[in-house]
Amino acid sequence: MFKKAKSTDTMSVKEKEALDRRPLKYVVERDSETYAEHRVGGNGAVNIMDGDFVLVCGGKDVMRCDISEVRVGFLMNLSGITVRGKDKTSGREMSVTAYFADKF
């Protein structure tokens with residue numbers, strides 16, 4: 001009779017895969033204690049590789065997460081995405097905002 005509401009805090013895997021090769025202007029990370037943002041990279045792209053959702057800036061991985069576990073959502077103005085998940089490289093939980101390049 002009562003069904004659990006579908007979670008809308010993230011995209012489906014198919015929607016995440018559609019972001020593959022989307023160019024990024026820059027990526028910022030928010031400090032959970034001070035709420036200050038600091039820039040972690042620029043001039044990059046979203047890549048889907050071997051089942052991973054990867055944010056790459058300047059030729060280096062900024063964040064690499066399993067595509068089925070990472071939570072991704074568009075910003076309200078559609079100028080970028082928020083990405084939350086456990087980074088495979090550092091092993092820590094990260095929350096970043098990636099802003100799309102204007103030329104896409």
Side-chain angles (χ1 to χ4, degrees):
M1 186 164 152
F2 295 103
K3 292 184 179 181
K4 186 175 180 180
K6 182 180 176 185
S7 175
T8 59
D9 69 338
T10 189
M11 299 175 180
S12 69
V13 171
K14 190 169 189 145
E15 291 170 318
K16 293 173 199 173
E17 288 173 343
L19 294 171
D20 190 27
R21 299 185 181 153
R22 183 84 186 250
L24 300 174
K25 189 184 306 183
Y26 59 94
V27 178
V28 296
E29 183 175 16
R30 182 171 294 219
D31 184 330
S32 61
E33 293 178 14
T34 64
Y35 299 105
E37 290 184 342
H38 67 280
R39 189 173 175 152
V40 293
N43 298 325
V46 176
N47 288 325
I48 308 299
M49 299 184 295
D50 302 323
D52 287 344
F53 186 91
V54 186
L55 298 179
V56 178
C57 289
K60 297 181 182 179
D61 289 0
V62 172
M63 185 176 184
R64 177 183 289 266
C65 301
D66 187 286
I67 195 165
S68 61
E69 295 178 12
V70 67
R71 294 179 311 277
V72 181
F74 282 107
L75 297 177
M76 288 180 70
N77 64 3
L78 304 178
S79 66
I81 53 175
T82 59
V83 183
R84 290 173 285 154
K86 187 170 184 175
D87 181 42
K88 286 185 170 184
T89 306
S90 67
R92 67 185 181 95
E93 191 73 24
M94 292 181 70
S95 178
V96 301
T97 303
Y99 293 92
F100 299 137
D102 295 333
K103 62 185 174 186
F104 188 74

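What's counted below: heavy atoms across the whole structure, side chains too, no hydrogens, waters or symmetry copies.
Both Val62 and Ile48 are assigned to one and the same hydrophobic cluster, defined by single-linkage of ILVMFWY side chains at heavy-atom distances under 4.5 Å. Tyr26 and Val54 are not part of a single hydrophobic cluster, where members link through side-chain heavy atoms under 4.5 Å apart. By the rule that hydrophobic residues join a cluster once side-chain heavy atoms approach within less than 4.5 Å of another member, Val13 and Val83 end up as members of one cluster. Under the 4.5 Å side-chain heavy-atom criterion for Ile, Leu, Val, Met, Phe, Trp and Tyr, Val96 and Val72 are members of the same hydrophobic cluster.
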Set out, in order, the CA-CA distance, both residues' side-chain angles and the distance that settles side-chain contact (heavy atoms from CB on, under 4.5 Å) for Leu55 and Val46, then state yes or no. CA-CA 5 Å; Leu55 298 179; Val46 176; 3.8 Å; yes
Does the side-chain contact (heavy atoms from CB on, under 4.5 Å) test come out yes or no for Asp87 and Arg64, once each step is laid out? CA-CA 5 Å; Asp87 181 42; Arg64 177 183 289 266; 4.0 Å; yes
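The shortest side-chain heavy-atom distance between Asn47 and Asp20 falls under the 4.5 Å cut-off. The side-chain heavy atoms of Phe53 and Asp66, taken from C-beta on, include no pair separated by under 4.5 Å. Side-chain contact between Ile67 and Glu17 is present, with heavy atoms from C-beta onward closer than 4.5 Å. Considering only heavy atoms from C-beta on, Leu19 comes within 4.5 Å of Phe74 through its side chain. Tyr99 places a side-chain heavy atom less than 4.5 Å from the side chain of Val28. Side-chain atoms of Thr10 and Lys16, non-hydrogen and from C-beta on, do get closer than 4.5 Å to each other. Side-chain contact between Met11 and Ile81 is present, with heavy atoms from C-beta onward closer than 4.5 Å. By the 4.5 Å heavy-atom criterion applied to side chains, Lys86 and Glu69 are not counted as neighbours.
To the nearest 0.5 angstrom, Cys65 atom SG is 11.5 Å from Arg84 atom CZ. Here the NZ-SG distance, from Lys25 to Cys57, works out to 13.0 Å after rounding to the nearest 0.5 Å.
Surrounding CG of Asp31 are more than 12 heavy atoms belonging to other residues, nucleotides or ligands, all under 6.0 Å away. More than 12 heavy atoms of other residues, nucleotides or ligands lie within 6.0 Å of NZ in Lys88, so this atom counts as buried by the packing criterion.
Across all their heavy atoms, Phe100 and Leu78 have their closest contact at CD1-O, 3.8 Å.
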